[in-house]
Asker: 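Before we start, here is the structure in question, set down as structure tokens.
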2 protein chains.
Amino acid sequence: MPSPTVKNILEHIEEQRESYVADLTELLRIPSISADSTYAGDVKRAAEWLIDHLKGLGIHPEFIETKGHPLVYAETPPVPGAPIALVYGHYDVQPPDPLDKWITPPFEPTIREGRIYARGATDDKGQMLTHVKSVGAWLKTQGCLPLQVKFLIEGEEEVGSEHLEGYLCDHAEKLACDCVVISDTSQFAPGVPAITYGLRGIAYYEIHLTGPNRDLHSGVFGGGVTNPAIALSKLLSAIIDDAGRIQLPGFYDDVVPLTDREREEFRALPFDQSAFEQELGINGVTGEAGFSTLERRWARPTFDVCGLTSGYQGEGAKTVLPSRASAKFSFRLVPNQDPKKVTTALRQFLEPLVPPGISMELVDFHGGPGIVVPLESPYLAAAADAIEVGFGKRPVFMREGGSIPIVKTFAEQLDADVLLLGWGQNDDNLHSPNEKFTLTDFQAGIRSSAALWDALAKINQDA
Amino acid sequence: MPSPTVKNILEHIEEQRESYVADLTELLRIPSISADSTYAGDVKRAAEWLIDHLKGLGIHPEFIETKGHPLVYAETPPVPGAPIALVYGHYDVQPPDPLDKWITPPFEPTIREGRIYARGATDDKGQMLTHVKSVGAWLKTQGCLPLQVKFLIEGEEEVGSEHLEGYLCDHAEKLACDCVVISDTSQFAPGVPAITYGLRGIAYYEIHLTGPNRDLHSGVFGGGVTNPAIALSKLLSAIIDDAGRIQLPGFYDDVVPLTDREREEFRALPFDQSAFEQELGINGVTGEAGFSTLERRWARPTFDVCGLTSGYQGEGAKTVLPSRASAKFSFRLVPNQDPKKVTTALRQFLEPLVPPGISMELVDFHGGPGIVVPLESPYLAAAADAIEVGFGKRPVFMREGGSIPIVKTFAEQLDADVLLLGWGQNDDNLHSPNEKFTLTDFQAGIRSSAALWDALAKINQDA
């Protein structure tokens, strides 16, 4: 049940519905494509729009130059005894190509059937703006917020957040907070709002096996010289058994098992296995024995080969014994697994398996650990309550199989719980043509955010 | 010991040394590149040169038009009670590219340090001409040959002998013979003349595994969807065990074991394992347990992966779970193994191993059986004696790991033993720049060929 204060704010939010859409439309018109230097001026213009907008709400933002695109920072006044929330978002967008697939131009926002279509609609201008608007609603109706909210909005998320990490490290005190709020993900499904409380980590590698110093005739040499492509198949096969268990010694030692509550939460989700298979065009799945598809994708470590290269790949037959065979592969890690330990175990596991006549080079690419917010976190509970207010429905708790490196950075640098509150839908076409954001989700996001400040403020900081 | 007749012929051959080189030079000047239609006129000119040359020897050749380049046929008179030998060779050559790597132009034959450099010098104008010249020497000095020799010289060997097989089938009676003589291979090493008495067959396949209908994000889906690249690695690995044994049921059933004599012949060859490894830049070899490198390469069936393709192969990391994974691979077969049986066994072996979520397509490329002439063949023995006369050294008996499909066709269509009498060297650069033929090998080849007609004629046809 929302408090009278929150009720009052929600009424204001309802009244502002059209003005919110108008403001979002204005921001979406700016082609702030961070990847394309032609648009550097527009990226800056989007940052300035935000600055002006935050000023209009009565807070004093900072325009922070970096060696790349600028950061926008702002904070509401401190509230002693209440927690501090930091909102992270981004105002830059993906390139809109292919342009000819857009029904209406990417930077001419258009509303069709209650959805606003434009590049950046959901990723992340629309979702980020919900928090700016909710803070505005509090300030407009109450004059202040019940806790301090800080905003850190960047312009380089779509190009790797190159200058954000440095800023985080250098300004940990300024950015100090108890929780980080990020709305840059999706709901579980339409009508099923969700909180993403865990992400997997990753350890990515490239392996090169080199045999003879040149491609050989497979007739003249075949059988007498170790074939690198067969050796590669054997090495990759050895990494995972037929029950989907990774064979590196100690690989599962640090894996925190799913709790009963988590397994129940996942089981309760409206996930349709046969629809999933049908959508992917497959006649079944395999994976780690003893786990459901969602558990396998979200909360269990896994091994995937991402690429294979060897020998002749053109049309027809070429009777070659290749000189070299390579693969790209990754382990998705669950929280508490250390990519560095995986690298050590991997090397120790593979080296004795390399057959005579083959030399191995193992390249360790980027790696990053996973992250999970304990389901018992009071911040998660507050967010769940807020979403129930905003969407009229209690959110489900989900995890995400992918990695969002910046999330881990926030959690580590600021020692804060990260709340991934996605207002979008899985079919919002982020990074694709006809990106959209459903206006009822936009409005429910603003409502949830407004209720979140209230719910977070009530958390007992001494507990 | 050569007979007085042969001695007499060898003397004549010695006298003609310079005229032989002059004739070879003339033929090598003709750029009879069968692959390039620009040179079609030159290909024809080479055939006509041969026709004129055979006429000059006193035999009446035929210029046989095909839908491609012409065949040249000729025969000496029948000799009742004596066997018939058919010489196969080719007058067409490989393209000479890359031209800038040639020290002297490919169609301006040049002699340096006792070797003649030109495209086609060893492959196959020089080697083929040895038999023409030896027949000429017999006719010139004796007026006749002790057996009938037939010549079938084609102009499409370098482009797949497209029209030869049809001609063989249609003219089996005309081409009837007891043995086929082909000089288009190499000696074992300089000073080690050889007879190649066996070739491996081949069965070549392409496998395509398809999983999801598009490349997936390896974070979002990894662990919950079968990865085709891992499935491929598992399938390929299953085909051969760590002892180098192929696992298809019944695969070895038809394999004729090496005889003790063959193993002894191979063991006696001056093969230097460590030089072999050093030349290939490898620190060791693997292969079927219980067999030597030469046995593995020449006389044992094997499995080789010739190409691998899947997912992302560019620079850096892409976190993709590929939709598809493919491989090209072959089995080299030994004589008596049937490629069709291998295909059936392969399909039966692989199908149950395809995991849920993956569909398999297996493409059966060209296949061909191996061939072996029993070491007890009187034709082999005659050839060995002849080579001893020509080279002053008894030849070794070797096999070849590769396949020469046309050899099998000759053996089958004409039901004759095939004698692969290579006069060339392994470093003669056939198909590469600076192709050469050593003039002492050319001359020894002519001597051996002359002695061969004598030795073959002495074989008792009733035995």
Side-chain angles (χ1 to χ4, degrees), chain A residues 200 202 204 211-213 217-227 229-230 232-234 236-237 240 280-288 293 296-297 300 302-313 317-322 325 328 330 332 355-357 359 365-366 400-403, chain B residues 200 202 204 211-213 217-227 229-230 232-234 236-237 240 280-288 293 296-297 300 302-313 317-322 325 328 330 332 355-357 359 365-366 400-403:
Chain A
R200 290 199 287 195
I202 187 170
Y204 197 104
N213 50 22
H217 189 292
S218 70
V220 179
F221 291 92
V225 174
T226 314
N227 183 310
I230 295 177
L232 181 66
S233 301
K234 296 252 176 204
L236 296 174
S237 294
I240 190 163
L280 296 176
I282 51 180
N283 64 355
V285 298
T286 57
E288 193 182 3
T293 293
R296 289 167 176 171
R297 287 168 56 197
R300 294 297 301 174
T302 188
F303 166 64
D304 269 293
V305 172
C306 306
L308 290 175
T309 309
S310 184
Y312 180 66
Q313 302 185 51
K318 188 177 176 188
T319 51
V320 68
L321 192 168
K328 294 173 193 281
S330 72
R332 292 287 167 172
S359 65
F365 273 74
H366 67 83
E400 170 61 64
S403 313
Chain B
R200 290 197 288 194
I202 187 170
Y204 197 105
N213 49 23
H217 189 293
S218 70
V220 179
F221 292 93
V225 174
T226 315
N227 184 310
I230 296 177
L232 181 66
S233 300
K234 296 251 176 207
L236 296 175
S237 293
I240 189 163
L280 296 175
I282 52 180
N283 64 356
V285 299
T286 58
E288 193 182 2
T293 293
R296 289 167 176 171
R297 288 168 56 196
R300 294 297 301 174
T302 189
F303 166 64
D304 269 293
V305 172
C306 305
L308 290 174
T309 309
S310 184
Y312 181 66
Q313 302 184 51
K318 189 177 176 187
T319 51
V320 67
L321 192 167
K328 294 175 193 282
S330 70
R332 293 287 168 169
S359 64
F365 273 73
H366 66 84
E400 170 61 63
S403 312

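The sequence lines fix the lettering, A, B, ..., with proteins before strands; numbering per chain opens at 1.
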Asker: If only side-chain N and O atoms count, and only distance matters, is there a donor-acceptor pair under 3.5 Å linking B:S237 with A:S237?
Answerer: yes

Asker: Only pairs of heavy atoms separated by less than 4.5 Å count here; which of A:G311, A:P322, A:S310, A:G401 has the most with chain B?
Answerer: A:S310

Asker: Supply the atom-to-atom distance A:S218 OG to B:Y204 OH, rounded to the nearest 0.5 angstrom.
Answerer: 7.0 Å

Asker: At a heavy-atom separation under 4.5 Å, does B:Y312 approach chain A through its side chain, its backbone, both, or neither?
Answerer: both

Asker: Got a second to check how far B:K318's NZ is from A:S330's OG, nearest 0.5 Å?
Answerer: 13.5 Å

Asker: Considering only heavy atoms, which portion of B:R332 lies under 4.5 Å from any heavy atom of chain A: side chain, backbone, both, or neither?
Answerer: side chain

Asker: If I take atom NZ from residue A:K328 and atom OG1 from residue B:T319, how far apart are they, to the nearest 0.5 angstrom?
Answerer: 11.5 Å

Asker: Is it the backbone or the side chain of A:R200 that comes under 4.5 Å from a heavy atom of chain B, or both, or neither?
Answerer: side chain

Asker: Can you find a pair of side-chain heavy atoms, one from A:V225 and one from B:L280, that are under 4.5 Å apart?
Answerer: yes

Asker: Is it the side chain or the backbone of A:K234 that comes within 4.5 Å of chain B heavy atoms, both, or neither?
Answerer: both

Asker: Hey, which of B:S359, B:A317, B:G402 has the most heavy atom pairs under 4.5 Å with chain A?
Answerer: B:A317

Asker: Quick check on the interface: out of B:N213, B:V285, B:N283, B:L232, who has the most heavy-atom pairs with chain A under 4.5 Å?
Answerer: B:N213

Asker: Out of B:G211, B:G287, B:G222, B:G281, which one racks up the most heavy-atom pairs below 4.5 Å with chain A?
Answerer: B:G222

Asker: Is it the side chain or the backbone of A:Q313 that comes within 4.5 Å of chain B heavy atoms, both, or neither?
Answerer: both

Asker: Has the side chain of A:D304 got a donor or acceptor atom that lies under 3.5 Å from a matching backbone atom of B:L321?
Answerer: no

Asker: Using modelled atom types and a 3.5 Å cut-off, is there a donor and acceptor pairing between side-chain atoms of B:R297 and backbone atoms of A:G224?
Answerer: no

Asker: Can you tell which of B:P356, B:A229, B:C306, B:A325 has the highest number of heavy-atom pairs within less than 4.5 Å of chain A?
Answerer: B:C306

Asker: First locate atom CD1 of B:I230, then atom CG of A:L308, and finally report the distance between them rounded to the nearest 0.5 Å.
Answerer: 9.5 Å

Asker: Looking only at heavy atoms and a cut-off of under 4.5 Å, which of B:T302, B:I282, B:V305 has the most pairs with chain A?
Answerer: B:V305

Asker: What distance do B:T293 atom OG1 and A:F221 atom CZ have between them, rounded to the nearest 0.5 Å?
Answerer: 11.0 Å

Asker: Could you grab the distance from atom CD1 of A:I240 to atom OG of B:S233, nearest 0.5 Å is fine?
Answerer: 11.0 Å

